[in-house]
Amino acid sequence: MEKSATRIDWIGNGCRLLKATAAEFERTRPFEGLSIGTGIHLEPKTVALLMTLRAGGARLVCTGNLNSTQPSTVEFLRSQSITVFATQTTDPAAHHQSLEAVIAEKPDLLLDNGGDLFAIAAEKPYANLRGGTEETTSGRTRLLPLRERLNMPILVINDSPIKQFAENRHAVGQSLFESYLRFTNRSTNGKRVTVFGYGACGKGTAACFRNAFSTVSVVDIDPVTTLEAHLDGFVTPLRDAAIRSADIIVTVTGLATIVTAADLPLVKDGAILMNGGHFPHEIDVDAFRRHPDVTGIDRYEADNIETFHLSNGRSFHVLGGGHMANLAGPRPLGNTVESMDLGFTLQARCLERIAKGEADAQSCIVPVPSDIDAMVADAYLDLAR
């Protein structure tokens with residue numbers, strides 16, 4: 001018999017590790033009587049994680065991240081009687097209201113992405129908050145100065161080696177490459193690509209574009225990391241030369257103001273700029289829009305592309321408004337199902353440990369415990385064999 005199925009169904013069936021974890025959680029109920037507040041991209045793969053947490057007894061209060069909330073995901077979660085405070089928005093003020101609404105519910109655990117929820121909790125502490133998880137390097141950097149004020153277990157998923165190689169190196173590289181094709185429908189063959197940042201995400205991005213027959217340059221502020229890129233066979237020019245030569249510029253640093261209005265004289269005619277970092281501040285698109293040398297902007301609304309025309313006749317293009325490109329633009333897919341299955345199982349297991357009281361305040365903004373990494377790796381390999 002035929003039946004209609006959705007992308008949420010397709011992804012849920014592909015997250016085999018989360019499905020197995022959910023079946024276990026239905027028996028063990030680690031979150032019975034607890035609420036979990038989440039601030040993470042609301043897209044179909046997140047549904048698989050949230051339903052796993054709910055299988056463990058959690059009451060969920062959810063919001064998303066800037067520019068990545070997918071209305072169909074919100075609709076589905078609400079149909080499952082899950083509380084969601086989120087709209088698809090690029091307005092930081094509107095997004096902050098959604099974050100405040102989650103914290104106002106005083107959840108017992110937080111699942112954060114970029115440090116948004118924990119930053120508010122540090123300003124407005126409440127007694128029943130036990131701790132939680134932070135997904136990103138950007139969030140870790142943001143929360144470290146608040147460590148003494150937070151004083152609770154916060155496990156950083158991005159500091160897991162599994163997250164680094166499975167999601168960051170392999171999946172982010174693949175999804176940013178896919179996003180370039182999806183946005184532009186343009187070739188990579190023979191193009192000169194400059195990748196800013198040679199952490200795990202930068203390694204994967206550089207490799208994927210090189211495998212697609214591009215000439216790839218890497219720029220990193222760390223000379224040791226730059227040497228690694230050189231020995232990996234990438235061109236490592238100085239920053240200005242790397243911008244001047246680039247047909248495509250990709251930022252994956254986790255830091256602000258990587259490409260700024262001051263770089264406009266360097267940007268090649270016809271260059272395409274895209275960001276893969278969590279926050280939309282690596283490429284200073286707002287400064288581009290205000291710059292006196294920008295004489296006009298063409299907005300391809302359906303494709304979420306802006307073309308900036310300069311007074312000297314050159315033009316360049318920005319994808320997704322400088323937001324995380326793999327979750328922006330038409331039909332955003334994000335990282336691969338398998339990589340998120342691994343990363344989200346790390347999330348579930350870390351939250352389980354904190355819910356059980358098996359992590360204390362000494363584990364404030366620290367990596368995933370190595371025994372959880374081993375448990376998740378073994379479980380995934382068992383399913384793959």
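In the model, D373 has a side-chain atom that pairs as donor or acceptor with a side-chain atom of S160 under 3.5 Å. Looking at T251 and N275, their side chains do bring a donor and an acceptor atom within 3.5 Å of each other. For the residue pair E43 and T73, no side-chain donor N or O sits within less than 3.5 Å of a side-chain acceptor on the partner. No side-chain donor-acceptor contact under 3.5 Å links N128 and K106. For the residue pair H95 / T89, no side-chain donor-acceptor distance below 3.5 Å is found, with atom types taken as modelled. A side-chain donor from one of S339 and T336 sits under 3.5 Å from a side-chain acceptor of the other. Side-chain N/O atoms of Q347 and E135 include a donor and acceptor closer than 3.5 Å.
The side chain to side chain donor-acceptor pair (under 3.5 Å) search around H41 returns N65, S68, N113, not counting sequence neighbours. Applying the side chain to side chain contact (heavy atoms under 4.5 Å, CB included) criterion to R314, with sequence neighbours excluded, gives V267, D269, L310, N312. Take T6 and apply the side chain to side chain contact (heavy atoms under 4.5 Å, CB included) test, not counting sequence neighbours, and it matches I8, D9. With sequence neighbours excluded, the residues forming a ring pair (Phe, Tyr, Trp, His ring centres under 6.0 Å) with F279 are H281, listed by chain and number. Under the ring pair (Phe, Tyr, Trp, His ring centres under 6.0 Å) criterion, H170 pairs with no residue at all, not counting sequence neighbours. Under the rule for a ring pair (Phe, Tyr, Trp, His ring centres under 6.0 Å), F118 has no partner lying at least two apart in sequence or in another chain. Under the ring pair (Phe, Tyr, Trp, His ring centres under 6.0 Å) criterion, F316 pairs with F288, F308, sequence neighbours left out.
Between the side chain of Y180 and the backbone N or O of S187, at least one donor-acceptor pair lies under 3.5 Å. Between the side chain of T188 and the main chain of A212, a donor-acceptor pair closer than 3.5 Å is present. S35 places a side-chain N or O within donor-acceptor distance of the main-chain N or O of D108, the cut-off being under 3.5 Å. A donor-acceptor distance shorter than 3.5 angstrom exists from the side chain of T205 to the backbone of C201, with no hydrogens or angles considered. S214 places no side-chain N or O within 3.5 Å of a backbone atom of R210 that could act as its donor or acceptor partner. D303 contributes no side-chain N or O that, together with a main-chain N or O of I305, makes up a donor-acceptor pair within less than 3.5 Å. In this structure, T236 contributes its side chain and V218 its backbone to no donor-acceptor pair below 3.5 Å. Using a distance-only test at 3.5 Å, with no hydrogens or angles considered, no donor-acceptor pair links the side chain of T38 to the main chain of I40. Here the side chain of D341 pairs a donor or acceptor atom with the backbone of L17 at under 3.5 angstrom. Between the T226 side chain and the D220 main chain, a donor and an acceptor come within less than 3.5 Å of each other.
D371 and R353 are joined by a salt bridge, as a carboxylate oxygen and a charged side-chain nitrogen come within less than 4.0 angstrom of each other.
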For a quick test of your reading: what N or O donor-acceptor pairs under 3.5 Å do the side chains of residues 321-331 make, sequence neighbours left out?
| unit_1 | atom_1 | unit_2 | atom_2 | d |
| --- | --- | --- | --- | --- |
| N326 | ND2 | S175 | OG | 2.8 |
| N326 | ND2 | N335 | OD1 | 3.3 |

Could you pull out every donor-acceptor pair under 3.5 Å between side chains of residues 292-302 and any protein atom, sequence neighbours left out?
| unit_1 | atom_1 | unit_2 | atom_2 | d |
| --- | --- | --- | --- | --- |
| T295 | OG1 | H309 | O | 3.2 |
| D298 | OD2 | H309 | NE2 | 2.7 |
| R299 | NE | E306 | OE2 | 3.4 |

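No more than 12 heavy atoms of other residues, nucleotides or ligands lie within 6.0 Å of CG in L238, so this atom counts as exposed by the packing criterion.
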*Please assess E123 against R149 for the test salt bridge (Lys or Arg N to Asp or Glu O under 4.0 Å), listing each intermediate value before the final yes or no.*
CA-CA 9 Å; E123 294 292 332; R149 289 163 63 185; 3.1 Å; yes
*asked:* The test is salt bridge (Lys or Arg N to Asp or Glu O under 4.0 Å); show your working for E352 and R349 and say whether it passes.
replied: CA-CA 5 Å; E352 176 191 28; R349 290 300 186 182; 3.1 Å; yes
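Under the 4.5 Å side-chain heavy-atom criterion for ILVMFWY residues, a single connected hydrophobic cluster contains both F76 and V74.
Residues R54 and F31 form no side-chain contact, since every pair of their non-hydrogen atoms from C-beta on lies 4.5 Å or further apart. For the pair P367 and L155, the minimum side-chain heavy-atom distance is 4.5 Å or more.
Contact record, A241 with P237: CB-CB, 4.2 Å, taken as the closest heavy-atom pair. Residue L18 comes nearest to L49 through the heavy atom pair CD1-N, 3.8 Å, listed as atom of the first residue, atom of the second, then distance.
Sorted by first and then second residue, the salt bridge (Lys or Arg N to Asp or Glu O under 4.0 Å) pairs with a member in residues 55-82 read R59-E105; sequence neighbours excluded. Identified under the salt bridge (Lys or Arg N to Asp or Glu O under 4.0 Å) test for residues 256-268, with sequence neighbours left out: R239-D263, D247-K268. Applying the side chain to side chain donor-acceptor pair (under 3.5 Å) test to every pair with at least one member in residues 190-199, sequence neighbours left out, gives these pairs: Y198-D232.
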